[in-house]
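This is a predicted model, so every value here is computed, not measured.
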Amino acid sequence: MSNAAETVQEEEIDLAAANEVIDKYMDMHGALMPVLQDVQEAYGYIPEPCVHLIAERLNVYTSQIYGVLTFYAQFHLEPRGRYIVRVCMGTACHVKGAGRIADTLKERLGIGHAETTEDLKFTAEYVACIGACGMAPVIMVNDGTYGSMTVQKMDEVIAKYKAMD
């Protein structure tokens, strides 16, 4: 294996938004969590260069930051899609065909659980329960909830979001 293949490409990221977030919390005790949350809000995920910037400016170890990022499911280290499609896999949804809905999503977008389309438009997530059992099977696209899903309805929802911007 060549060394070139092992070379890690460093991401080119504009750190202005991360610097603004850090400036906002700079004098706050225990600022790491709100800084990470706001940086993720700004970028959609936590880019590696931001981790190094946060470590340097807040004077914490990068290992401490990665410890927080990998402990909490709310943080993401990879770019995510503009539309997060959550397929509920809870008991009520499972019984009413959530597996078929997840399979349809995978077929139509070519992505499985925790994967993002190459154009960064969609991310698929299979979640334990959305809390809308009366609407089973149910999906969410960002904050929108779609109940009584069928394969046909899934196609319509995907087409709707594909047509957006």
Roughly how far apart are L58 CG and Q64 CD, rounded to 0.5 Å? 9.5 Å
Given side chains that start at C-beta, do those of I139 and R86 come closer than 4.5 Å, heavy atoms only? no
Would you please name every residue forming a ring-ring contact (aromatic ring centres under 6.0 Å, His included) with Y146, sequence neighbours left out? none
Starting from the C-alpha separation in whole Å, work towards a yes-or-no answer on side chain to side chain donor-acceptor pair (under 3.5 Å) for Q74 and Q37. CA-CA 9 Å; Q74 68 176 297; Q37 290 167 332; 3.2 Å; yes
Nearest 0.5 Å, what's the CE-CE distance between M140 and M135? 9.5 Å
Could you walk me through whether M149 and V157 pass the side-chain contact (heavy atoms from CB on, under 4.5 Å) test, one step at a time? CA-CA 10 Å; M149 290 302 295; V157 170; 4.2 Å; yes
Close side-chain approach of F122 and E115, heavy atoms under 4.5 Å: no
Using a 4.5 Å cut-off on heavy atoms from C-beta on, say whether the side chain of I111 contacts that of T123. no
In one Ile/Leu/Val/Met/Phe/Trp/Tyr side-chain cluster, 4.5 Å: Y25, L69: yes
When rounded to the nearest 0.5 angstrom, what distance separates CD in E78 from OH in Y45? 8.0 Å
All heavy atoms of N142 vs all of R82, minimum pair found to be ND2-O, 3.2 Å
Test item: K160 and E156 side chains (from C-beta on) under 4.5 Å apart, heavy atoms: no
Side-chain contact test, heavy atoms from C-beta onward, threshold under 4.5 Å: evaluate it for L15 versus P49 and give yes or no. yes
Take atom NZ of K121 as the centre, draw a 6.0 Å sphere, and report whether it contains more than 12 heavy atoms from other residues, nucleotides or ligands. yes
Any side-chain heavy atom of L36 within less than 4.5 Å of one from E41? no
Heavy-atom nearest pair, V138 first then A132, reads CG1-O, 4.2 Å
Would you compute the distance between atom CE of M154 and atom CG of D103 and round it to the nearest 0.5 angstrom? 11.0 Å
For the residue pair G81 and T116, what are the closest heavy atoms and their distance? N-CG2, 3.5 Å
CG/D119 to NZ/K162 distance, rounded to the nearest 0.5 angstrom? 8.5 Å
Between A31 and P34, which heavy-atom pair has the shortest distance, and what is it? O-CD, 3.2 Å
Should Y43 and R80 be marked as a side-chain contact (heavy atoms from CB on, under 4.5 Å) after you check the CA-CA gap, both sets of side-chain angles, and the distance that decides it? CA-CA 9 Å; Y43 293 92; R80 302 180 78 214; over 6 Å; no
Identify the heavy atoms of C50 and I13 that sit nearest to each other, and give their distance. SG-CG2, 4.5 Å
Report whether I46 and I22 are members of the same hydrophobic cluster (ILVMFWY, side-chain heavy atoms less than 4.5 Å apart, transitive linking). yes
Is it the case that atom NE2 in H94 sees more than 12 heavy atoms from other parts of the structure closer than 6.0 Å? no
Within a strict 4.5 Å, meaning less than it, do heavy atoms of the D155 and R108 side chains meet? yes
Same cluster (ILVMFWY, side-chain, under 4.5 Å), L77 and V21: yes
Closest approach of K96 and P137, non-hydrogen atoms and distance? O-CG, 3.4 Å
Measure the CG-CD distance between L105 and E125 for me, rounded to the nearest 0.5 Å. 11.0 Å
Report yes if the side chains of V87 and V127 come closer than 4.5 Å at any heavy-atom pair, otherwise no. no
According to side chain to side chain donor-acceptor pair (under 3.5 Å), who are the partners of K24, at least two apart in sequence or on a separate chain? D38
Are Y126 and I158 linked, directly or through intermediate hydrophobic residues, by side-chain heavy-atom contacts shorter than 4.5 Å (ILVMFWY only)? yes
Kindly indicate, with the supporting measurements, whether the criterion side-chain contact (heavy atoms from CB on, under 4.5 Å) is fulfilled by L32 and I54. CA-CA 8 Å; L32 183 57; I54 294 166; 3.9 Å; yes
Evaluate side-chain contact (heavy atoms from CB on, under 4.5 Å) for Y161 paired with V85, printing each intermediate quantity in order. CA-CA 10 Å; Y161 285 94; V85 182; over 6 Å; no
Hydrophobic cluster identity match, Y61 and I65, side-chain contacts under 4.5 Å: no
Could you pull out all residues at least two apart from R57 that satisfy side chain to side chain donor-acceptor pair (under 3.5 Å)? N19, D23
